[in-house]
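Note that ligands are numbered from 1 as they come in the structure, with each ligand's atoms numbered from 1 the same way. We count residues from 1, following the sequence as given. Scope of the values below: all heavy atoms of this structure, side chains included, with no hydrogens, waters or symmetry mates.
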Amino acid sequence: MDKQRKLIIAGNWKMNKTVSDAADLVGQLKIDLGKLTELDVVVCPPFTALAEVSRLLRDGTMRVGAQNMSEHSYGAHTGEIAAGMLKDLLVRYVILGHSERRQFQQETDAQVNAKLKTALVAGLKPIVCIGETLAQREANQTESVVGTQLTGSLAGLDAAQMQETVLAYEPVWAIGTGLTATPEQAQHVHAFIRGWIAAKFDDTTARRVRIQYGGSVKPSNARELMSQPDIDGALVGGASIDAHSFIEIVRNSL
Ligand code: PGA
């Protein structure tokens with residue numbers, strides 16, 4: 001595919017897979033995807049499986065990500081996980097501000113921003129999620145909602161930090177619903193996001209930042225989504241916990 005940016009396909013396993021199930025899945029993925037260099041493949045298991053998945057993937061090109069982390073570096077934060085603990089397990093990526101956390105844990109843009117800065121300082125590559133609800137789309141608020149999320153979540157970053165950050169546009173109405181944004185709908189918002197980055201930072205930064213699409217990505221729609229000029233990968237939920245469908249999504253994106 002003729003794009004300057006390397007595609008990044010990440011599997012967000014959410015709250016699925018015990019350690020042994022995770023080992024099974026990653027074992028299958030490794031056979032087909034373990035040596036790919038044309039694109040970046042990342043798996044994001046739950047915290048409990050990170051150590052084992054990381055150990056299984058230490059040779060090869062697949063990378064490991066976490067689904068969340070604390071904005072604090074250490075100390076009295078019961079139940080939280082620090083960036084340094086993830087680094088210790090050779091975790092490279094961390095998903096921040098997923099819509100499920102925004103919705104069910106009331107995560108705010110300010111918190112996502114604090115986590116983002118902690119992740120960048122620690123040397124983790126953040127995947128920052130943004131996206132509108134169905135009611136917001138129907139009220140023609142998609143751009144203003146996404147713009148507000150970008151402004152709040154990315155506040156205070158310099159251009160180099162912006163370029164280290166992956167964005168994931170995930171319309172909430174398309175997550176886990178089987179309703180995918182059409183390639184045109186997704187491309188429209190991706191172009192808006194890239195324009196926002198150009199205005200806030202500069203053209204070079206806008207050209208370099210990778211913007212994933214997420215929301216009911218499956219083998220049958222991956223190719224068309226990935227062929228859009230401003231879509232640089234996918235954040236895959238449901239279809240990433242089945243080896244066959246995740247492998248097909250990656251293959252169809254090549
Ligand atoms: P889905 O989830 O692929 O199951 O829609 C995507 C996500 O939540 O990242």
(request) For atom 3 (O) of ligand 1, find the nearest protein heavy atom and state the residue, atom name and distance (0.1 Å precision). (result) Gly237 N, 2.8 Å
(message) Between Glu132 and Trp173, is there a side-chain heavy-atom distance shorter than 4.5 Å?
(response) yes
(message) Enumerate the ring pair (Phe, Tyr, Trp, His ring centres under 6.0 Å) contacts for residues 58-93, please, sequence neighbours excluded, ordered by first and then second residue.
(response) His72-His77
(request) Check ligand 1 against Lys14 and write out every atom of the ligand that is under 4.0 Å from a heavy-atom position of the residue. (result) 2 (O), 7 (C), 8 (O)
(request) Return yes when His98 approaches ligand 1 closer than 4.0 angstrom through a heavy atom, no otherwise. (result) yes
(message) Under a 4.0 angstrom heavy-atom cut-off, which atoms of ligand 1 come close to Asn12?
(response) 9 (O)
(message) Can a side-chain donor-acceptor contact be found between Gln141 and Ser144 if the only test is distance below 3.5 angstrom?
(response) no
(message) Are Asn68 and Glu107 packed together at the side-chain level, in the sense that at least one heavy-atom pair is separated by less than 4.5 angstrom?
(response) yes
(message) Are Ile211 and Ile95 connected into the same hydrophobic cluster when the rule is that any two of I, L, V, M, F, W, Y join if their side-chain heavy atoms are below 4.5 Å apart?
(response) no
(request) Could you check atom 9 (O) of ligand 1 against the protein and tell me its nearest heavy-atom contact, residue, atom and distance included? (result) Glu170 OE2, 2.7 Å
(message) Show me which atoms of ligand 1 lie under 4.0 Å from any heavy atom of Ala174.
(response) 5 (O)
(message) With nothing but distance in play, are any N or O atoms of Val236 less than 3.5 Å from an N or O of ligand 1?
(response) no
(request) Using modelled atom types only, decide if a donor and an acceptor are shared between the side chain of Lys30 and the backbone of Leu56 within a distance under 3.5 Å. (result) yes
(request) Taking the side chain as every heavy atom from C-beta outward, state whether Ile193 and Ile130 have any pair of such atoms under 4.5 Å apart. (result) yes
(message) At less than 4.0 angstrom from any non-hydrogen atom of Gly176, what atoms of ligand 1 do you find?
(response) 1 (P), 4 (O), 5 (O)
(message) Ile175 versus ligand 1: do any nitrogen or oxygen atoms come within less than 3.5 Å of each other?
(response) no
(request) For Gly238, counting its heavy atoms only, list the atoms of ligand 1 lying under 4.0 Å from any of them. (result) 1 (P), 3 (O), 4 (O)
(message) If the contact criterion is a heavy-atom separation under 4.0 Å, does Gly215 count as touching ligand 1?
(response) yes
(request) With sequence neighbours excluded, tell me which residues meet side chain to side chain donor-acceptor pair (under 3.5 Å) with Arg5. (result) Asp232
